[in-house]
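Please read through the structure below; I'll follow up with questions.
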Amino acid sequence: MISYNEETVFKITFEANRAGVWADIFKTEINFNYLPRVGDIINIDSCYMKVLVVEYDYKSQFNPTLRVEELGHFEDYSQNILSNL
């Protein structure tokens, strides 16, 4: 979902599976003007993540939780993932 209204902001929490527990990666909500989709690759501070699940409900539709797979920093991502293309 893309917001065409400049005032609409999605406050997204990113969680990754660490030792079998879904943990908040950044310990804060990150503001986006769009809602990422399952399968998207997101780069935040050179940390690449693949979106696995987007969770939200009707009460908190602008505050979703994204469950992600951490793909690594730029060097790791470019060597491991892009070299297999």
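Just so we're clear, the structure is a prediction, and the values are computed from it rather than from any experiment.
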Practice task
For residues Phe62 and Phe10, establish whether the separation of their ring centroids is below 6.0 Å.
Solution key: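 Centroid separation for Phe62 and Phe10: below 6.0 Å.
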Practice task
Evaluate the side-chain proximity of Leu35 to Pro64: yes if any heavy-atom separation is below 4.5 Å, no if none is.
Solution key: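 They are in side-chain contact.
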Exercise for the section: Can you sort out the partners of Phe26 under ring-ring contact (aromatic ring centres under 6.0 Å, His included), two or more places apart, ordered by chain and number? Expected result: Phe14
Handout entry: Contact list for residues 48-58, test salt bridge (Lys or Arg N to Asp or Glu O under 4.0 Å), sequence neighbours left out
Key =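 The answer is Glu55-Arg67.
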Completion exercise
Heavy-atom closest pair (Asn17 atom, Val21 atom, distance to 0.1 Å) is OD1-N, 3.2 Å
Fill in the blank from the handout: Separation between OG1 (Thr28) and NZ (Lys11), nearest 0.5 Å, reads 9.0 Å
Practice task
Assess whether side-chain contact (heavy atoms from CB on, under 4.5 Å) is satisfied between Ile12 and Asn63, documenting all intermediate values.
Solution key: CA-CA 6 Å; Ile12 298 176; Asn63 300 322; over 6 Å; no
Problem - Sequence neighbours excluded, every pair satisfying salt bridge (Lys or Arg N to Asp or Glu O under 4.0 Å) that has a member inside residues 17-29 - result: Arg18-Glu70
What pairs of donor and acceptor atoms, side-chain ones from residues 39-47 against any protein atom, are under 3.5 angstrom apart with sequence neighbours left out?
residue : atom : partner : partner atom : Å
Asp40   : OD2  : Arg37   : N            : 2.9
Asn43   : OD1  : Ser46   : N            : 3.0

Exercise for the section: Quick one: name the residues clustered hydrophobically with Leu52, using the 4.5 Å side-chain heavy-atom rule over I, L, V, M, F, W, Y, and just say none if it's on its own. Expected result: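 Members alongside Leu52: Trp22, Val53.
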Practice task
Heavy atoms only: give me the nearest Pro36-Val54 pair and the separation to one decimal.
Solution key: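 Of all heavy-atom pairs spanning Pro36 and Val54, the closest is O-CG2, 3.5 Å.
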